[in-house]
**Q** 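First, the structure itself, so that you have it in front of you.
The structure presented is a predicted model; accordingly, all values stated were derived computationally and were not measured.
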Amino acid sequence: MTARPAPPARPTARRGRDYIARHGETVFNRIGRIQGDRAALHTPLTRKGFAQADRLGQVLRERLGEAPALTLWSSPTGRALQTLAVITEHLALDWHGAHHDSRLIELGFGSWGGQTFAELSAIHGTIVHPHGMAVGAPDGERYPAMAARLCDWLADTADHDGDRLVLMHGLSSRVLRGLMLGLADDPLCGVPVAERLPQGSIVTIEGGQETLIHRAGP
């Protein structure tokens with residue numbers, strides 16, 4: 001029998017604040033089509049998505065002022081980078097100086113990428129858990145694998161003791177926040193899962209404690 005790999009070590013709280021934001025609405029979000037990690041990486045923001053990004057920038061400017069000492073991190077997807085571009089304009093920060101890291105990307109959905117939730121539900125039944133976490137595709141990434149890459153990112157950046165802004169996705173941000181908050185493993189996903197937040201929302205985590213900064217409207 002092949003032994004299961006050991007679960008990733010839980011990260012320890014670091015010095016500094018982490019502002020974790022979910023990107024704005026995209027054209028795929030609007031019609032209920034799965035984006036995931038590979039398919040449609042650069043689906044653009046809708047007008048609502050740009051408005052959400054604009055509000056994120058306003059909220060952070062009101063909180064942090066102009067040109068704050070803030071390290072920028074982002075998933076390399078177009079939707080995250082578009083959201084970040086609007087935010088950095090408000091903050092008078094250099095968008096080109098942001099760190100892009102594929103470990104922050106969304107859950108990989110394999111062959112489900114690019115298909116609609118309605119199409120998939122008609123074939124496979126319910127594909128979203130009651131608490132809003134998607135069921136993984138048969139040939140897609142599993143949540144423990146996503147948690148492992150997020151733990152790697154946390155470990156590699158743990159020595160940075162300043163504030164940072166992290167632009168992410170719906171599922172990956174919930175797992176990252178769950179890891180940072182030290183939550184128990186979710187029974188449906190097998191990894192820590194934080195509260196669902198709408199697109200265009202942002203929280204801050206400091207010393208293992210989370211504070212909601214802005215919850216976007218429906």
**Q** Under 3.5 Å, side chain of Asp139 to main-chain N/O of Ser111, donor-acceptor pair present?
**A** yes

**Q** If you measure from OG on Ser172 to CG on Leu107, what distance do you get to the nearest 0.5 Å?
**A** 8.5 Å

**Q** Checking Asp54 now: which residues fulfil salt bridge (Lys or Arg N to Asp or Glu O under 4.0 Å) with it, not counting sequence neighbours?
**A** none

**Q** Does Leu84 share a hydrophobic cluster with Val203, counting links as ILVMFWY side-chain heavy atoms below 4.5 Å and allowing steps through other members?
**A** no

**Q** List the residues meeting salt bridge (Lys or Arg N to Asp or Glu O under 4.0 Å) with Arg164, not counting sequence neighbours, and say none if there are none.
**A** Asp18

**Q** Are any of the side-chain heavy atoms of Tyr19 and Val166 separated by less than 4.5 Å?
**A** no

**Q** Indicate yes or no: at least one non-hydrogen side-chain atom of Ser75 is less than 4.5 angstrom from one of Met168.
**A** no

**Q** Considering only residues two or more places apart or on different chains, which pairs with a residue in residues 193-218 satisfy ring pair (Phe, Tyr, Trp, His ring centres under 6.0 Å)?
**A** none

**Q** Taking only residues two or more places apart in sequence or in another chain, which ones pass side-chain hydrogen bond (donor to acceptor under 3.5 Å, both in side chains) with Asp156?
**A** Arg103

**Q** Between OG of Ser102 and CH2 of Trp153, what distance do you get to the nearest 0.5 Å?
**A** 12.5 Å

**Q** Would you name the heavy atoms of Gly65 and Leu91 that are closest together and state the gap between them?
**A** O-CD2, 4.0 Å

**Q** Could you check whether the rings of His131 and His129 sit parallel, tilted or perpendicular, using 30° and 60° as the cut-offs?
**A** perpendicular

**Q** Output a table of donor-acceptor pairs, distance under 3.5 Å, between side-chain atoms of residues 118-127 and any protein atom two or more places apart or on a different chain; print 'none' if there are none.
**A**
residue, atom, partner, partner atom, Å
Glu119, OE1, Thr116, N, 3.0
Glu119, OE1, Thr116, OG1, 3.3
Ser121, OG, Phe117, O, 2.8

**Q** Should Pro44 and Val27 count as side-chain neighbours, where that means a heavy-atom distance under 4.5 Å?
**A** yes

**Q** What residue pairs, at least two apart or across chains, pass side chain to side chain donor-acceptor pair (under 3.5 Å) with a residue in residues 173-182?
**A** Arg177-Glu210

**Q** Carefully, step by step, assess Gln35 and Thr26 under the rule side-chain hydrogen bond (donor to acceptor under 3.5 Å, both in side chains).
**A** CA-CA 10 Å; Gln35 293 168 120; Thr26 72; 2.8 Å; yes

**Q** So, do Leu81 and Leu167 sit near enough that their side-chain heavy atoms are less than 4.5 Å apart?
**A** no

**Q** Please tell me if the side chains of Val193 and Tyr143 come closer than 4.5 Å, counting only heavy atoms from C-beta onward.
**A** no

**Q** Does any non-hydrogen side-chain atom of Arg22 lie less than 4.5 Å from one of Leu197?
**A** no

**Q** Would you list the pairs meeting salt bridge (Lys or Arg N to Asp or Glu O under 4.0 Å) in which at least one residue belongs to residues 194-208, sequence neighbours left out?
**A** Glu195-Arg215

**Q** According to salt bridge (Lys or Arg N to Asp or Glu O under 4.0 Å), who are the partners of Arg17, at least two apart in sequence or on a separate chain?
**A** Asp163

**Q** Look at the side chain of Gln52 and the backbone N and O of Glu25, then say whether any donor-acceptor pair between them is shorter than 3.5 Å.
**A** yes

**Q** Any side-chain heavy-atom pair from Pro68 and Leu60 closer than 4.5 angstrom?
**A** no

**Q** About how many Å separate CD1 of Ile205 and OG1 of Thr211, when rounded to the nearest 0.5 Å?
**A** 9.0 Å

**Q** Does Thr88 have any side-chain hydrogen bond (donor to acceptor under 3.5 Å, both in side chains) partners at least two apart in sequence or in another chain, and if so, which?
**A** none

**Q** Please report the closest heavy-atom contact between Leu183 and Ala194, naming both atoms and the distance.
**A** CD1-CA, 3.8 Å

**Q** Starting from Leu45 and following side-chain heavy-atom contacts under 4.5 Å between hydrophobic residues (I, L, V, M, F, W, Y), which residues can be reached?
**A** Phe50, Val86

**Q** Can a donor-acceptor pair be found between the side chains of Thr71 and His160 at a distance below 3.5 Å?
**A** yes

**Q** According to ring pair (Phe, Tyr, Trp, His ring centres under 6.0 Å), does anything in residues 162-205 pair up with another residue at least two apart or in another chain? List the pairs.
**A** His23-His169

**Q** Going through the distances and angles, do Glu141 and Arg149 end up as a salt bridge (charged side-chain N to carboxylate O under 4.0 Å, His left out)?
**A** CA-CA 11 Å; Glu141 184 180 31; Arg149 60 174 162 87; 2.9 Å; yes

**Q** Tell me every residue that passes salt bridge (Lys or Arg N to Asp or Glu O under 4.0 Å) with Asp161, counting only those two or more places apart in sequence or in another chain.
**A** Arg15

**Q** Taking atom OG1 of Thr204 and atom CD of Gln209, what is their separation to the nearest 0.5 Å?
**A** 11.5 Å

**Q** Find out whether Arg63 and Ile213 are in side-chain contact, i.e. whether some heavy atom of one side chain is under 4.5 Å from a heavy atom of the other.
**A** yes

**Q** Would Gln58 and Arg61 satisfy side-chain hydrogen bond (donor to acceptor under 3.5 Å, both in side chains), going step by step from the backbone distance to the final call?
**A** CA-CA 5 Å; Gln58 292 170 354; Arg61 175 62 178 259; over 6 Å; no

**Q** Could you give the distance from SG (Cys189) to CE (Met146), rounded to the nearest 0.5 Å?
**A** 8.0 Å

